Amino acid sequence: MDALHNGKTWLIALLVITGLLVPIFVEDTYLRHLFIIAFVYGMVAASWDLTLGYAGIFNFAHIAFFGVGIYATGLTAKVLGVDPWMAMLIGGLAASAAAAIVALPIVRLKGVYVILVTFAFSQLVLQVVISQSSITGGTQGLVRVPTIWLPGYNFLRDYKLGYYYVAFGLLVATTVCLRCLVRSDFGLSIKALRDSEDYGVSRGIPIARQRLKALVASAFFTGMAGGFYVLYLRVASPEIFDFSTASLVLSMVLVGGTSSIYGPVFAALVLTFMSEGLANIDNFAEGRFMIVAVTMVVVLLFFPKGLASMLPNGFGEKTPEILLHRKRRIAGSTDHAE
Amino acid sequence: MLETNDNQPLLEVRQVSRRFGALVAVDRVSFSIQKGEIFGIAGPNGSGKSTLFNIITGIPFPPSAGEVFLAGQPIHKLRPHQISRAGVLRTFQKDAEFATLSALENVYASAVYCGQMGSNEARVAAQQALDDVSLAAERRTKAASDLSVFERKQLMIASAIAARPKVLLLDEPAAGLTRPETSDLADLIYTVHGRGITIVLIEHVLPLLLKVSEHLMVLNHGAVIASGKPEEVVRNPVVVAAYLGKREAGL
Amino acid sequence: MSLSKLCTSLALAALVAATPANSQDKIAKIGVLAPLTGGSAADGNEMVNGAKLAVDEINAAGGVAGYQLEVVVGDTQNQSADAVTSAFERLAGDRDLNAMFTGYASGSNFEIEMIAEQDMPYLIAANSAQTRDIIAAHPDKFPTVWSLTPSYDAYNTAMVPVLQGLETSGKLKLTNRRAALISSDNPYSKSIMEGLKKSFEDAGWSVTSADLLPFGEINDWRTFLAKVRQDNPAVIINTDYQPGNAAKFLTQFLEQPTDSLVFIQYAPSVPEFLNLTGKQATGIVYNLLGGTLNTPKNPRAAEVMKKYNDNYGNEPGTYGALLYEEVMFYANALKKVGDPTKRLEISKVIGESHMQIASGMLSFDPNTHLAVQGDNAIPIQFFQIWDGKRVLFYPHEYAEGEFRMPPWMKQ
Amino acid sequence: MIMVDMLSAILVSGIVLGSGYALMASGLSLVWTTLGIFNFAHGVLMTLGAYVAWTISSGGGLGLGLAAGVAVTVAALIGAGILIERVVVRPFYDHRDILLITVMTTLAAMIFLQNGIQLIWGARLKQLAPIVPGTVQLWRTTISAQETLMIVLAPIVLAALWLFLSRSRIGRGIKAVGQNADAARLIGIDVSRLFIITFALSALLAGLTGVLLGSVRLLTPEFGSEPLVKALIIVIFGGLGSLGGTIAAAYLLGIIEATLTFFIGIYWTPSMIFLLLIVVLLFRPQGLLGKVVR
């Protein structure tokens, strides 16, 4: 155990150092850009895993939280002239506030009904963004958002070196925070509730409060990621709420492996680079997505626990469960008859 | 909490009912349990036994009407997790443990959240509780779903006593056990009782119920049809009719 | 694509390679940003086709300034900010790539800023309001970005005078001075609807409704049409520009037509619209700014459209022709400057050039970097559809036919 | 009179919408009740059906006879349904997170098919010729004949489906499997065969929906996305677990949508519907028509 654990610690240290060294060897701005985007999606996917994987909440509003972060940061930075760094934090807080609002109805709901409410909430957010076009720019989007700054440093003329390190720093911080959360007593309690709601409550775990906390925390990190996203790209536009964004990030969570945090981050890198690698092939726009789709299925076929199960000290939750309990678990057990 | 005087019942249930539409699953049931008692509840299938546990603990729903007091304090208005924290813990008839967590984590979580202990204290309490139910040390790091049926019963009881409850509601703990295991379970119940925990037991396996209960209550169609000393209750013609009638219908 | 085309291009390539060009093997890459997957893929494919058509033609003629051109495509997918930026960065990372072209790459045109920061020549052919909003404040900061689409102001102002002209000449009989407007919530349609509302009201008309629908697929126009039937306005205007929606609008209008002139923004110019609606569309009026000016007075348009049709077997919409012209326009500038890496110089030449293209006489306004609009520049064109054909009836100097009363109106 | 006109307009438009929704959701609901998964490729199966029909109908130029056309479409859809079950659903039956995993794998199937459709048929808009042309006057409201066909066909198809499920041996088997797969296996039902039949049937329903919608709407490779989302909402909202609930929810949602559209306009209708969904679930956490199981 200890040896394995040490091995893992070393591996993580090695990965962090590699991450820090990448820009020294990769001078190409395109590749640096891909890393930055993969880091952002890594944050979104890993924080989604907190609610989806650990807490077992079928939260389909995560991309809406990301969008809330994007617009909150973009608007405060551009319209109110708030310092962009501060605005990024506001993005995280705004996303958390949105999550708290969603939590009100869904802490009472079971299983798949959560999908419906969270999905409906996403659509409401999108509708608000589009309809308030005098503020948000509507379908046209919000352009010329000011970017982050440091005294004496120009982020726009350094071939994305600065953005790379900021994104990497945010990713490492997010991952560390999320790992700490899931290993804490709080993490234990949300996993407990995921495994068995009623039993969790019978052991004194306040279900509504823990779910609220999980949603708020998960949204905070994705909101921060959204904040960075808008400051980096300098535009906020409603396409981010598209079904395709949600399915991209969802694929990162599931291909990476739920309940692992590292898995989704890893998958974000793999999928981003793979998809972009295929984009280089001429006349292959459709084929690119077909190949990515096939890869997803193949990964899930051979690693149903996701890529995370290839990591050392894998997260080997045992599998064999029977068909019998399947639907009840999904729909949420409402059957307490004797 | 106020100090309890010795004559006050530890758990008192007054006129609780639970309806589902037109169906009355529990019909104005009242009883009270003294501290230190082992209180048995019997009744044919569908007589409302588990529903009674559900509405006492609020998991997953409170009573439609009626009141529940713990040491003189009303608890039926509390949230379910608060009822647990107040000291009324239950087990479930079906497997309900935290399947992906280890046995130790299962018990630890209960000590932290229900017992509201700090993590060091909770860790000690968890090991102690597992010792009490004599779950083998090497099994404690296994995921709960990897444990045997009996080990899961041990685990469920351990996770309850780690939280130092006042009352433990056991919902058909012998379901799915072999005869020798059932007798081990009886010993386990005595052990828990020996820790000063009041026990309410629903059981289908009548010999076990009769063996351990000091007081027996029988439900039929959601209502109490008899209550008293076990050996007297089982001779009550109403009870016999309820069970026999059931059996005949079943045949 | 087809084998024969492959053979021809291989043969051409061999021929070009064989000719002792002054500087053989020199390649100048050009980037095309286009949505190739997702809802706008039809437009995107057309953009790429248009650019490739121009490149093939230029290369077959021996290249330009000693360079063979090569198209590199960046898929902007659903036009989300990261997809557009990824596509841009991928193209921009190539040192041999020194110019970019698009119809539209994003809804906001935000990429203009990052492209200008790299001094990359960028020709764009849509969303001119967004382009103007970004550029007009500091035109000097965007020396490389030029829009083939003129300002959309004429969409707001040209309609009322044209209708009055038709009435005066007796070709159009309107029973009242009421107009009903509807739009979907996108900046293009919404601002046109608002502009039209104002210009109708300024001319003494009453606008009976000006409804806004959510942007996207709209299958049910009946609620709006029911209201219209009560008010019975002389003019009905739909500024939503999506051809699918427009086709449905028309079908549902014709279920119970009113005695009104029906105007649909942009959509009837897309080839599918005619395929979808067929004879039903007879009588519909639309106008177009910066679209193909296909009249005998501007033979360039017919020429480009024929080339496109010969190559790809279907008629191009706006973007096929415009991307072809963007590349041609760039090639002319490259020819003058001689070196594709002199990006700023090329852009300067582009900004100062003028040329007859498929949509009219192209030159740029130095203050907004938009194409100059006007009857002698890029004109606004009014069309009426008749028997599956588009009849240009305004401006008169280009007109190829007359306006006629639509079949559902009382003659 | 205006009142009557208004009511009939709302009713007709609501029933048209509801018929479409019921057709969209029935196949999805069938797979959900039987296998306990959501098939995200359901929408793209509608698209596939419509495109295949377009190709073999005169519009696509192939011009096969009607019978041959129907046969090809049916075969293509059954094939696609079985393929999806085999490749992206079957391998995960025993998985703990089967719902989540199959969300992903069926989503992957959707992406694959959608892009495949674009590759084969291109991205340009297409329209299926209506099966019945012209318009029909219904309670003083005019709608296209094709929509009338949908209004008539939807209940027939759904009734046939209900008869199949409750009367035929296979249908009863499917229902039994939906209630308890293990128990069904114990009494000798070939569960895996029924899963395949369920998928094939669901794909067929999707294809039929696609063909009917395809001549009312316009075809693009993304044609099925919006119906998929609507169907998902209806299946969940209807209260999980019964075809009847799904169908009732479909018509109810159609009428609500038509009413809202009439009174507050199309712009805010989607938002209002979503708000309504949230509010209803606050008071009925088990869905609109789901029963509280005690």
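Keep in mind that what you see is a predicted model, and the values were worked out from it rather than measured. The chains referred to below are lettered A, B, ... by the order of the sequence lines, with proteins before strands, and numbering in each begins at 1.
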Tell me, do A:M290 and D:I111 make a side-chain contact under 4.5 Å, heavy atoms counted?
no
Sub-4.5 Å side-chain heavy-atom contact between A:Q123 and D:P270:
no
Under 4.5 Å between any side-chain heavy atoms of D:F274 and A:V117, yes or no?
no
Under 4.5 Å heavy-atom distance to chain D, tell me which part of A:S131 shows up: side chain, backbone, both or neither.
both
Over all atoms of both residues, closest heavy-atom pair of A:P304 and D:I101
O-CD1, 3.4 Å
Distance check, rounded to the nearest 0.5 Å: A:I115 atom CD1 versus D:I236 atom CD1?
5.0 Å
What part of A:I130 is in contact with chain D, defined as an atom under 4.5 angstrom from a non-hydrogen atom: side chain, backbone, both or neither?
both
Does the side chain of A:F243 reach to within under 4.5 Å of the side chain of D:M110, using non-hydrogen atoms?
yes
Within 6.0 angstrom of A:F303 CZ, more than 12 heavy atoms from elsewhere:
no
Side chains of A:F58 and D:L100: closer than 4.5 Å at any heavy-atom pair?
yes
More than 12 heavy atoms of other groups within 6.0 Å of D:R86 CZ
no
Indicate yes or no: at least one non-hydrogen side-chain atom of D:F92 is less than 4.5 angstrom from one of A:L301.
yes
Nearest 0.5 Å, please: how far is CG in A:L109 from CG in D:L281?
5.5 Å
Give, as side chain, backbone, both or neither, the part of A:L254 having an atom under 4.5 angstrom from any heavy atom of chain D.
side chain
Can you tell which part of D:V279 gets under 4.5 Å to a heavy atom of chain A, answering side chain, backbone, both or neither?
neither
A:A293 to D:A108 - nearest heavy-atom pair and separation
CB-O, 3.3 Å
So, taking the atom named CD in A:E286 and the one named CG in D:L119, what distance separates them when rounded to the nearest 0.5 Å?
5.0 Å
Could you check if a side-chain atom of A:M296 sits within less than 4.5 angstrom of a side-chain atom of D:T105, using non-hydrogen atoms only?
no
Heavy-atom distances under 4.5 Å only: say whether D:L282 touches chain A with side chain, backbone, both or neither.
both
For the atom pair CD (A:Q127) and CG (D:L275), what is the distance rounded to the nearest 0.5 Å?
10.5 Å
Pairwise side-chain contact, D:V229 with A:F119, heavy-atom cut-off 4.5 Å (strictly under):
yes
Is there any side chain to side chain donor-acceptor pair (under 3.5 Å) pair reaching into residues 258-268 of chain D, and which pairs are they, with sequence neighbours excluded?
C:D185-D:Y267
What distance separates D:L277 CG from A:F121 CZ, expressed to the nearest 0.5 Å?
14.5 Å
